[in-house]
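Notes follow once the structure below has been shown.
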Amino acid sequence: MRVLMVAPPGAGKGTQGALIAAHFDIPHIATGDLLRDHVDRNTPLGQAVKGHLDRGELVPDDVVLGMVREAFVEAKAAGAGYLLDGIPRNMAQARQTYLIARELDMTADVALHLQADDEELVHRLLARAASQGRSDDAEEVIRRRLAVYREVTHPIVSWYAERGILVSVDATRPKEEVGREILTALEVLRSFVNVPEAARRPIDLTSLGVAFGEPPAA
Ligand code: AP5
């Protein structure tokens with residue numbers, strides 16, 4: 001199973017991502033966790049991106065795309081499944097992630113969209129700030145992260161809808177209910193997606209004009 005998530009901060013990418021990864025026994029690739037690990041270890045990359053994280057801004061695309069390529073190569077060796085959490089975050093990342101995955105014969109089967117309104121998300125992240133103290137969980141930075149999501153990340157949802165792989169879930173309900181709905185949906189899809197890449201038939205819509213009410217080609 002190959003799943004990527006598109007969701008605003010606090011919607012539950014980390015929470016539900018861990019559940020999905022454990023259920024399907026696939027690697028959980030979380031760009032935010034990888035970046036925070038660099039910051040904690042004070043690596044040159046960590047020093048370069050710390051300011052972006054603290055301000056709630058996206059780090060440069062090439063930084064996260066390099067991480068994803070490396071993680072995909074490892075995931076391929078481990079069975080070719082994955083759960084992507086935190087990427088893609090803009091249209092350029094969506095296209096590049098797709099191209100990297102296509103090169104490795106491991107494009108996503110499902111794009112999982114977790115939906116929640118901003119007030120619920122602010123409430124959750126402020127509650128987490130009190131217990132965990134993440135550097136970007138101050139209210140002003142939370143609102144900046146949400147604005148970045150609405151502006152550059154959310155528009156990619158329609159791209160996945162057009163590709164026919166979008167699954168949307170109401171993430172405002174309790175974690176267990178959200179998790180149950182996600183796993184049920186993914187289990188239904190599992191039998192459809194466990195098809196070897198070479199056995200998949202490309203869809204050529206040009207031959208289906210009649211189905212769209214167009215006269216047959218002369
Ligand atoms: P990232 O680590 O991806 O953070 P985020 O998107 O801001 O999301 P969060 O981790 O805050 O929330 P989540 O959706 O994972 O929810 P969670 O399960 O934790 O990115 C951080 C930063 O890294 C970015 O701002 C950017 O700077 C950089 N970055 C990362 N990827 C990048 C990329 N591709 N390109 C450029 N920059 C990138 O839950 C949140 C809280 O809510 C928890 O306390 C949880 O217990 C609670 N909760 C979860 N579900 C529920 C529920 N159903 N009901 C009640 N509470 C719930």
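A quick note: this is a predicted structure, and the numbers were derived from the prediction, not measured. Counting from 1, the numbers follow the sequence of the chain as shown. Order of appearance sets the numbers: ligands from 1, and atoms from 1 within every ligand. Atoms considered below: every heavy atom in the structure, side chains included; atoms not considered: hydrogens, waters and symmetry mates.
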Purely on distance, is any nitrogen or oxygen of [X] under 3.5 Å from one on ligand 1?
| X | value |
| --- | --- |
| G12 | yes |
| K13 | yes |
| L125 | no |
| Q93 | yes |
| G14 | yes |

Between [options], which one has a non-hydrogen atom sitting closest to [atom]?
| atom | options | value |
| --- | --- | --- |
| atom 29 (N) of ligand 1 | V59, L58, L35, V49 | L35 |
| atom 19 (O) of ligand 1 | R128, Q132, R36, E120 | R128 |
| atom 3 (O) of ligand 1 | M5, R89, K175, E57 | R89 |

Please state whether A7 comes within less than 4.0 angstrom of ligand 1, counting heavy atoms only.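 Contact check A7 vs ligand 1: negative.
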For ligand 1, which atoms sit closer than 4.0 Å to a heavy atom of [X]?
| X | value |
| --- | --- |
| G86 | 31 (N), 32 (C), 33 (C), 34 (N) |
| V64 | 32 (C), 33 (C), 34 (N), 35 (N) |
| I87 | 34 (N) |

Sidechain N-carboxylate O distance under 4.0 Å for [X], [Y]:
| X | Y | result |
| --- | --- | --- |
| D40 | R36 | no |
| R190 | E187 | yes |
| K76 | E70 | no |
| R144 | E140 | no |
| R143 | E139 | yes |

Nearest heavy atoms of R124 and G10, plus distance in Å: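 Heavy-atom minimum between the residues: NH1-O, 2.9 Å.
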So among Q16, H28, K13, which one has a side chain to side chain donor-acceptor pair (under 3.5 Å) with D85? H28
Should the proximity of [X] to ligand 1, defined as any heavy atom under 4.0 Å, be assigned to the side chain, the backbone, both, or neither?
| X | answer |
| --- | --- |
| L53 | both |
| P174 | backbone |
| A30 | neither |
| P88 | neither |

Point-to-point distance, once rounded to the nearest 0.5 Å, from CG of N90 to CG of D61: 4.5 Å
Cluster link V39 to I87, ILVMFWY, side chain under 4.5 Å: yes
I'd like to know if V141 and L35 are part of one continuous hydrophobic network [Ile/Leu/Val/Met/Phe/Trp/Tyr, side-chain heavy atoms within less than 4.5 Å]. no
What protein heavy atom sits nearest atom 45 (C) of ligand 1, and how far off is it?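 Looking at atom 45 (C) of ligand 1, the protein heavy atom closest to it is T15 OG1, 3.9 Å.
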